[in-house]
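First comes the structure, then the notes that go with it.
The analysis underlying the following values was restricted to heavy atoms, covering all of them including side chains, and did not include hydrogens, waters or symmetry mates. Computed from a predicted model, the values in this text were never measured in an experiment.
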Amino acid sequence: MYSRRQAIAATGLGMAALSGCTDLAEFATGSGPLSATAQPAAIGEQTLSETGYSLANRDTLEINEQVEVGGETRRVEITNQVATYERPIDLAAAVSDSVTSSSSDAGTVDQGDLPDDVDPEDLPDDFDEEDLPDDVDPDSLPNALGGEQSMTAPSRIAGSGGAASPQQLGGTDSASSIFVVVSTPGFEFLGQSLNPLGQLDNQALATELAGQVGQLSVGSEQSTTTRAVLGSETTVSTFDGTLSQSGAEIDVEIVITTVINEGDYVIGFGAYPQLRAETGSTNVSALLDGLEHPVSTE
């Protein structure tokens, strides 16, 4: 009659075909860890050129943890491959665009904003406050017609709540959109992933990676879509978030997805300022299309 340890050892022999795994016998008996190293992933050069991103750093990330397998505790040593790409963003220009847009919207006169006894057709192109009837207060009219304009900037660079000047951001006038590609071994035992990252959903995975990026916090999920990445259908999730930089808080959008390819989990994780959400979303979509795995880093 097999003992539990012998059963694990016998079943463990069936894992020999899994790519990147070593020390199977030691792992099965509990005398040593199971080690695996992912194959690197990258963004194609043409895609980088088209989106304005560039490689900022390539590194490895080690995970050394205990996992429960078949009722037994075993140790896994995982080597992840991490490539970080960046695209500079001129926040001062983005803020300027936002203010210009807001000013343009403020200058649009709605007839419903005028007092009942003022006919818009009575207001000439070279309108002057003195042309108003005596009982009409110029301050009661829209800014475009005479009142003084004012704008109170919030204490953060907001995607929809307003726009702050660089001076109010502690001197911060630039930031970077980032895109991180992580490949991590996808080996399993008895249908259970031995990789802690492989057990996380998109929100938990985004939170985990945000801690590696820096002062980035993940908020609520905004949307999900299904698309092909590396030839496989996968769920792409978008979250709102906040990036703390140089004493300022920048509202960002965070996009993440995971796909299994060639025995590895390949994770695409992007973050970009909400002030540039349309461009950022388009670029991240292109980066996902440009994912390559495995690649040579030599």
Side-chain angles (χ1 to χ4, degrees), residues 41-43 47-48 51-57 59 61 80-91 94-95 98 154 156-164 169 172 174-184 196-230 233-246 248-259 265-291:
I43 304 297
T47 301
L48 294 178
T51 58
Y53 280 75
S54 60
L55 179 64
N57 186 52
D59 204 350
L61 176 64
N80 303 313
Q81 306 285 348
V82 183
T84 303
Y85 299 87
E86 295 183 353
R87 181 179 188 271
I89 296 294
D90 185 345
L91 290 179
V95 168
S98 177
R156 59 193 291 137
I157 302 180
S160 57
L169 301 173
T172 300
S174 65
S176 293
S177 295
I178 63 169
F179 191 82
V180 182
V181 182
V182 179
S183 53
T184 184
L197 293 180
Q199 302 172 23
L200 303 180
D201 61 19
N202 276 355
Q203 182 155 22
L205 188 58
T207 301
E208 179 74 19
L209 293 181
Q212 302 295 326
V213 170
Q215 300 298 316
L216 180 63
S217 61
V218 181
S220 59
E221 186 175 69
Q222 301 300 303
S223 65
T224 60
T225 58
T226 300
R227 59 168 298 160
V229 177
L230 290 172
E233 290 294 312
T234 185
T235 298
V236 180
S237 301
T238 301
F239 302 88
D240 59 21
T242 304
L243 173 65
S244 297
Q245 178 174 316
S246 301
E249 290 188 346
I250 303 171
D251 288 338
V252 299
E253 288 189 355
I254 298 169
V255 179
I256 190 167
T257 192
T258 304
V259 63
Y265 293 104
V266 181
I267 305 165
F269 174 84
Y272 48 83
Q274 287 185 12
L275 283 170
R276 285 289 185 257
E278 183 174 353
T279 300
S281 177
T282 299
N283 284 335
V284 165
S285 181
L287 293 170
L288 290 175
D289 287 338
L291 263 176

So, [X] side chain and [Y] main chain: donor-acceptor pair closer than 3.5 Å or not?
{"X": "Gln203", "Y": "Gly219", "value": "yes"}
{"X": "Gln274", "Y": "Val252", "value": "yes"}
{"X": "Thr282", "Y": "Glu278", "value": "yes"}

Does CD in Gln215 sit with more than 12 non-hydrogen atoms of other residues, nucleotides or ligands closer than 6.0 Å?
-> no

Please check if atom CD in Glu233 has more than 12 non-hydrogen atoms from other residues, nucleotides or ligands closer than 6.0 Å.
-> yes

Non-hydrogen atoms of [X] and [Y] that approach each other most closely:
{"X": "Gly268", "Y": "Phe179", "answer": "CA-CZ, 3.9 Å"}
{"X": "Thr47", "Y": "Ala286", "answer": "CG2-O, 3.4 Å"}
{"X": "Ser177", "Y": "Pro273", "answer": "OG-CD, 3.5 Å"}
{"X": "Ala83", "Y": "Leu55", "answer": "CB-CD1, 4.2 Å"}
{"X": "Pro88", "Y": "Ser176", "answer": "CA-OG, 4.0 Å"}

Show the numbers, then the answer: is there a side-chain hydrogen bond (donor to acceptor under 3.5 Å, both in side chains) between Ser223 and Glu221?
-> CA-CA 6 Å; Ser223 65; Glu221 186 175 69; over 6 Å; no

Results of side chain to side chain contact (heavy atoms under 4.5 Å, CB included) for Ala271 - residues two or more places apart only =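 Applying side chain to side chain contact (heavy atoms under 4.5 Å, CB included) to Ala271 gives Ile178, Leu216, Ile254.
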
What is the distance from atom [atom1] of [X] to atom [atom2] of [Y], rounded to the nearest 0.5 Å?
{"X": "Arg87", "Y": "Leu48", "atom1": "CZ", "atom2": "CG", "result": "12.0 Å"}
{"X": "Ile43", "Y": "Asp289", "atom1": "CD1", "atom2": "CG", "result": "9.5 Å"}
{"X": "Glu253", "Y": "Leu275", "atom1": "CD", "atom2": "CG", "result": "10.5 Å"}

Are any of the side-chain heavy atoms of [X] and [Y] separated by less than 4.5 Å?
{"X": "Val181", "Y": "Ile267", "result": "no"}
{"X": "Asp251", "Y": "Asp240", "result": "no"}
{"X": "Leu197", "Y": "Tyr265", "result": "no"}
{"X": "Tyr272", "Y": "Val255", "result": "yes"}

Ser183: what forms a side-chain hydrogen bond (donor to acceptor under 3.5 Å, both in side chains) with it, not counting sequence neighbours?
->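 side-chain hydrogen bond (donor to acceptor under 3.5 Å, both in side chains) list for Ser183, sorted by chain: empty.
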
What do the steps show when you test Leu287 against Tyr85 for side chain to side chain contact (heavy atoms under 4.5 Å, CB included), and what is the final call?
-> CA-CA 10 Å; Leu287 293 170; Tyr85 299 87; over 6 Å; no

Would you please say whether a donor-acceptor pair under 3.5 Å links the side chains of Arg227 and Thr257?
->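 Absent: no donor and acceptor within the cut-off.
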
Go through Leu205 and Phe269 one step at a time and tell me if the side chain to side chain contact (heavy atoms under 4.5 Å, CB included) criterion holds.
-> CA-CA 9 Å; Leu205 188 58; Phe269 174 84; over 6 Å; no

